[in-house]
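A quick note: this is a predicted structure, and the numbers were derived from the prediction, not measured. One-based numbering, in listed order, for ligands and for the atoms of each.
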Amino acid sequence: MILLDGKKTANDIKNEIAIKVASLVAGGGKKPHLAAILVGSDGASETYVNAKVKACNKVGFDSTLVRFNADVSEEELLAEVKKINNNSDIDGLIVQLPLPAHIDEMKVTETINPIKDVDGFHPANIGRMALNLPTYLPATPAGILELLERYKIETSGKHCVVIGRSHIVGSPMSILMARNNNPGNCTVTLTHSRTQNLKEITKTADILIVALGKAEFVTTDMVKDGVCIIDVGITRVKSDKTKSGWKLLGDVAFDEVSKKSSFITPVPGGVGPMTIAMLLKNTLVATAKLLY
Ligand code: GUN
């Protein structure tokens, strides 16, 4: 079994980006600038956004964090998005999800200028992705592709099973793995909460991508020998074995499933760090105006 080390790979990518930024700036270019909007004080969102800002600083980007209270009106939030759309110093904009229930997430996403949509969530960019046109790929799926590529995992002709159909991970992942690209060219099965006989399907997976958000959902009886496992889940559970009293679990029962796997991502240190690295990569592309 080979561990897909997302922490190391993400660090390699960040170092590559830092070198590109230094040469951009040395050549008289501007520093990439990412703006992030955070609404409310959800613990996980706060952690993710802080990590994104810290990563920007590490590679030499400028960053702006705009915070709103959870009771901000949709109108006020949309006005801020439009203001950033029109700010020529800012190259990329992300609005951390989820948003409070009174705000229409899709309306906010559609208001972001697709040119600055470094999360790749705008319908125009999702459409470009589906058509295999140059675009910003959503960061978590892009991070998974990057791991498959850097570890030289053969995907062509393989059966890829995806568990979970979220707009952020499962749905785009299923499209990307089916595209005529490398990585890609898989036969893809997208499974979800209404899927029947899930175990019969997952047992035929050569590559199993799990993104449903249920700790240790995938067990050893659900996979075949030699499977490649990509675990996107991250759930915080109480533990009396750690100093902090908490531990992070993936969607896959790592100890038992890893024994049957050819490749597997750990949690933490697998897909998570890759997401941030790919967001930085998208922001660099936005700055260099490589897409539009
Ligand atoms: N919430 C969970 N993942 C993401 C992400 O990649 N981007 C944004 N904006 N919100 C998220």
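- With respect to K203 and D221, no salt bridge is recorded, no charged nitrogen being found less than 4.0 Å from a carboxylate O.
- In this structure, E146 pairs ionically with R150, as a charged nitrogen and a carboxylate oxygen lie closer than 4.0 Å.
- Residue pairs meeting the side chain to side chain donor-acceptor pair (under 3.5 Å) criterion with at least one partner in residues 206-217, sequence neighbours excluded, are D206-K224.
- Using a cut-off of 4.0 Å between Lys/Arg side-chain N and Asp/Glu carboxylate O, E46 and R67 are scored as salt-bridged.
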Contact table, ligand 1 N/O with protein N/O, distance under 3.5 Å:
{"unit_1": "ligand 1", "atom_1": "1 (N)", "unit_2": "Q96", "atom_2": "NE2", "d": "3.3"}
{"unit_1": "ligand 1", "atom_1": "1 (N)", "unit_2": "L97", "atom_2": "O", "d": "2.9"}
{"unit_1": "ligand 1", "atom_1": "7 (N)", "unit_2": "D119", "atom_2": "OD1", "d": "3.2"}
{"unit_1": "ligand 1", "atom_1": "7 (N)", "unit_2": "D119", "atom_2": "OD2", "d": "3.2"}
{"unit_1": "ligand 1", "atom_1": "9 (N)", "unit_2": "V95", "atom_2": "O", "d": "2.9"}
{"unit_1": "ligand 1", "atom_1": "9 (N)", "unit_2": "D119", "atom_2": "OD2", "d": "2.6"}
{"unit_1": "ligand 1", "atom_1": "10 (N)", "unit_2": "Q96", "atom_2": "NE2", "d": "3.4"}
{"unit_1": "ligand 1", "atom_1": "10 (N)", "unit_2": "L97", "atom_2": "N", "d": "3.0"}

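- Here the closest heavy-atom approach between residue T220 and residue V257 is recorded as N-CG2, 3.7 Å.
- Side chains of H159 and T189: a donor-acceptor N/O pair is present below 3.5 angstrom, by distance only.
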